[in-house]
2 protein chains.
Amino acid sequence: MNLAEACRAVPFLRELGETERLRLEPHMRLRQVARSEAIWNTDDASRDFTFLVDGRVKLVKTNEGGRETIVELCRPGDLLCTSAVCAFAPYCCSSLALDGPVWVLTIPRRDIFDLIERGGAAALSWMVETSGREARLTGRIEQLSSGHVERRVAALLCDLAERAGTSASGGAGTWIPIQLTRQDLADLCGTTVETAIRVMTRLSREGVVRSAARGLVILNREKLLEIARSI
Amino acid sequence: MNLAEACRAVPFLRELGETERLRLEPHMRLRQVARSEAIWNTDDASRDFTFLVDGRVKLVKTNEGGRETIVELCRPGDLLCTSAVCAFAPYCCSSLALDGPVWVLTIPRRDIFDLIERGGAAALSWMVETSGREARLTGRIEQLSSGHVERRVAALLCDLAERAGTSASGGAGTWIPIQLTRQDLADLCGTTVETAIRVMTRLSREGVVRSAARGLVILNREKLLEIARSI
DNA sequence: GAAAGAACCTGACGCCCGTCATACGCTCCC
DNA sequence: GGGAGCGTATGACGGGCGTCAGGTTCTTTC
């Protein structure tokens with residue numbers, strides 16, 4: 001993976017004018033992150049803006065009792081959490097490579113601030129990029145707002161199907177190429193690993209989903225939507 | 001309420017240079033919104049960026065089964081939901097005045113895009129403003145991630161105390177000057193109105209909170225924090 | 001001041017869900 | 001090949017919670 005390929009994989013960078021890109025390139029750092037390795041940890045000083053070039057990353061908050069919440073599941077092309085970087089504050093979440101390998105590209109805060117300060121299409125692109133993230137976060141809040149775990153799981157899986165699903169080979173269902181443990185599902189849906197296991201086992205038994213190595217298949221997407229949308 | 005007062009009440013506008021402010025002022029619209037009236041509704045076309053000048057606004061998503069989620073409780077000075085405006089898309093949530101009167105100031109999308117495109121401190125301010133909102137939304141996701149309703153309610157009330165609380169007169173506890181119905185609490189915490197009522201009744205009985213007209217008092221903030229933080 | 005509607009409250013019931021314990025299978029490392 | 005650790009799974013249990021029904025209190029409007 002080289003810098004040119006990485007820039008092409010990230011919408012914000014792909015859309016930069018050549019002048020801006022050439023100005024930023026000396027400051028870009030591209031690195032590979034092993035599976036389960038952290039890109040940053042909670043309380044680390046923030047310094048760079050981070051783009052996800054390839055692979056999957058989860059952003060995790062941990063409360064003082066030790067309970068973990070996956071706040072966001074990021075996908076290739078995404079700009080990762082910016083609030084700490086903008087605020088010159090330590091990170092309030094961790095970011096972890098979900099499955100590997102993961103490639104990330106970082107650009108120092110100073111250089112992005114210079115870029116935005118110059119205005120132009122780059123500043124507008126940043127605005128649009130970060131407003132897209134806002135929409136996804138509000139969607140997550142809505143997903144989490146049902147009092148029934150099965151509905152929360154269904155809402156999450158529907159969203160993953162929408163955003164990352166492809167047709168399964170053999171034409172049966174929707175393939176989600178993301179390797180989530182039951183613990184990950186529990187952390188995404190605000191429940192315990194035992195309950196997440198029971199929900200997935202029940203959905204499998206009912207022929208709604210099928211777990212697989214390296215991802216899962218949604219066999220009955222309409223049923224899942226129906227579960228997610230019930231009051 | 002006039003335009004100058006409104007600009008002073010909104011951090012992003014207050015920090016604009018005079019040149020930029022003068023350029024924007026002809027396009028600003030300041031209006032009052034009655035209690036429970038919508039500023040916009042779901043599926044309305046988006047056109048303007050909206051700042052909350054005074055009062056409280058809730059942003060509500062409604063799923064197809066009719067269940068409502070309060071995605072965010074906005075406070076004076078906040079920039080309201082930008083994702084639809086940036087995406088030239090219809091709104092995917094409603095915004096409602098929580099108690100009245102509420103004052104909002106709108107600026108057409110075109111004019112803010114021009115402002116950001118020109119760069120400078122205004123573009124940087126926008127960046128910081130929207131990253132602050134991201135932090136609040138991820139905090140909301142963490143609040144919602146416990147499987148116990150009482151913990152979710154406690155987490156919400158602690159957050160409200162932090163962000164809007166003042167010392168109660170007579171020195172007893174923290175006064176939260178926000179008039180939330182039990183249904184509002186339920187919609188904020190992903191539960192039903194009956195359960196929200198039971199939780200608040202129990203917390204009142206235990207001397208942790210006291211409901212009042214136009215808001216509530218947190219009598220035992222440490223106890224509430226302990227509930228919120230338990231695993 | 002009365003009536004209507006909204007909001008708060010309580011009871012009963014059944015099931016969902018968290019908690020704790022335990023077992024099994026798979027992967028990785030020595 | 002065996003052991004350790006991780007991940008999936010199941011059982012038992014008690015309480016939390018959603019649902020439905022009905023009652024009380026408060027606020028608003030006429």
Side-chain angles (χ1 to χ4, degrees), chain A residues 34-37 58 63 65-70 96-100 144-154 178-206 209-216 227 230-231, chain B residues 34-37 58 63 65-70 96-101 144-155 178-206 209-216 227-231:
Chain A
R35 173 193 186 172
S36 299
E37 184 186 337
K58 61 185 181 182
N63 89 347
R67 174 166 41 84
E68 299 198 340
T69 299
I70 297 180
L96 300 165
L98 194 59
D99 50 33
L144 282 168
S145 71
S146 169
H148 296 269
V149 174
E150 190 178 60
R151 289 178 202 166
R152 304 206 288 273
V153 170
I178 309 178
Q179 195 171 3
L180 293 169
T181 66
R182 296 308 187 242
Q183 185 64 60
D184 287 332
L185 275 177
D187 294 343
L188 280 157
C189 297
T191 188
T192 61
V193 64
E194 292 91 346
T195 302
I197 289 170
R198 292 186 226 271
V199 168
M200 289 303 288
T201 302
R202 185 166 64 247
L203 290 174
S204 297
R205 193 175 291 144
E206 289 169 4
V209 301
R210 178 162 55 79
S211 294
R214 302 201 185 298
L216 61 81
I227 296 170
S230 49
I231 196 169
Chain B
R35 168 179 190 192
S36 298
E37 184 186 338
K58 61 184 180 183
N63 89 347
R67 174 165 44 83
E68 299 198 342
T69 300
I70 298 180
L96 301 164
L98 195 58
D99 49 34
L144 282 167
S145 72
S146 168
H148 296 270
V149 176
E150 191 179 59
R151 289 177 204 167
R152 304 206 289 272
V153 170
I178 308 177
Q179 193 171 8
L180 294 169
T181 67
R182 296 309 186 241
Q183 185 63 61
D184 287 332
L185 276 178
D187 294 343
L188 280 157
C189 296
T191 187
T192 62
V193 64
E194 294 90 347
T195 301
I197 289 169
R198 292 187 224 271
V199 169
M200 290 303 287
T201 302
R202 184 167 63 246
L203 290 174
S204 296
R205 195 176 290 140
E206 289 169 2
V209 301
R210 177 163 56 77
S211 294
R214 304 198 183 298
L216 63 80
I227 296 170
R229 288 172 174 167
S230 50
I231 197 168

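Sequence lines set the chain letters: A, B, ... in the order given, protein chains first and strands last, and positions in each chain run from 1.
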* To do: Considering non-hydrogen atoms only, spot the tightest contact between B:Cys189 and B:Leu144 and give its length.
  => C-CD2, 3.8 Å

* To do: Not counting sequence neighbours, list each pair that qualifies as a salt bridge (charged side-chain N to carboxylate O under 4.0 Å, His left out) and has a residue in residues 184-204 of chain B.
  => B:Lys58-B:Asp184, B:Glu150-B:Arg202

* Between A:Ser211 and A:Arg182, which heavy-atom pair has the shortest distance, and what is it? -> OG-NH2, 2.8 Å

* Structure fact -> Protein-proximity profile, nucleotides 3-22 of chain D, B/S/- by nucleotide at the 4.0 Å heavy-atom cutoff, equals -----SBBBB----SBBB--

* Structure fact -> When every non-hydrogen atom of A:Ile227 is compared with those of A:Ala154, the smallest separation belongs to CG2-CB, 3.7 Å

* Asked: Donor-acceptor pair, A:Arg152 side chain versus A:Ser146 backbone, under 3.5 Å?
  -> yes

* Asked: Do A:Thr191 and A:Val199 have side chains that get closer than 4.5 Å, going by heavy atoms?
  -> no

* **side chain to side chain contact (heavy atoms under 4.5 Å, CB included) partners of A:Arg210, counting only residues at least two apart** => A:Val217, A:Leu219

* To do: Take the C1' atoms of the five end pairs on each side of the helix from C:dG1-D:dC30 to C:dC30-D:dG1, get both axes, and report the angle to 10 degrees.
  => 50°

* Can you name the residues that form a side chain to side chain contact (heavy atoms under 4.5 Å, CB included) with A:Thr201, not counting sequence neighbours? -> A:Ile197, A:Arg205

* Structure fact -> Its 5'-most and 3'-most nucleotides having an atom under 4.0 Å from a non-hydrogen atom of chain A, DNA chain C is contacted over C:dC17 to C:dC20

* Is A:Met200 close to A:Val153 at the side-chain level, that is, under 4.5 Å between some pair of heavy atoms? -> yes

* Nearest heavy-atom neighbours spanning A:Ala97 and A:Ala34 -> CB-O, 3.3 Å

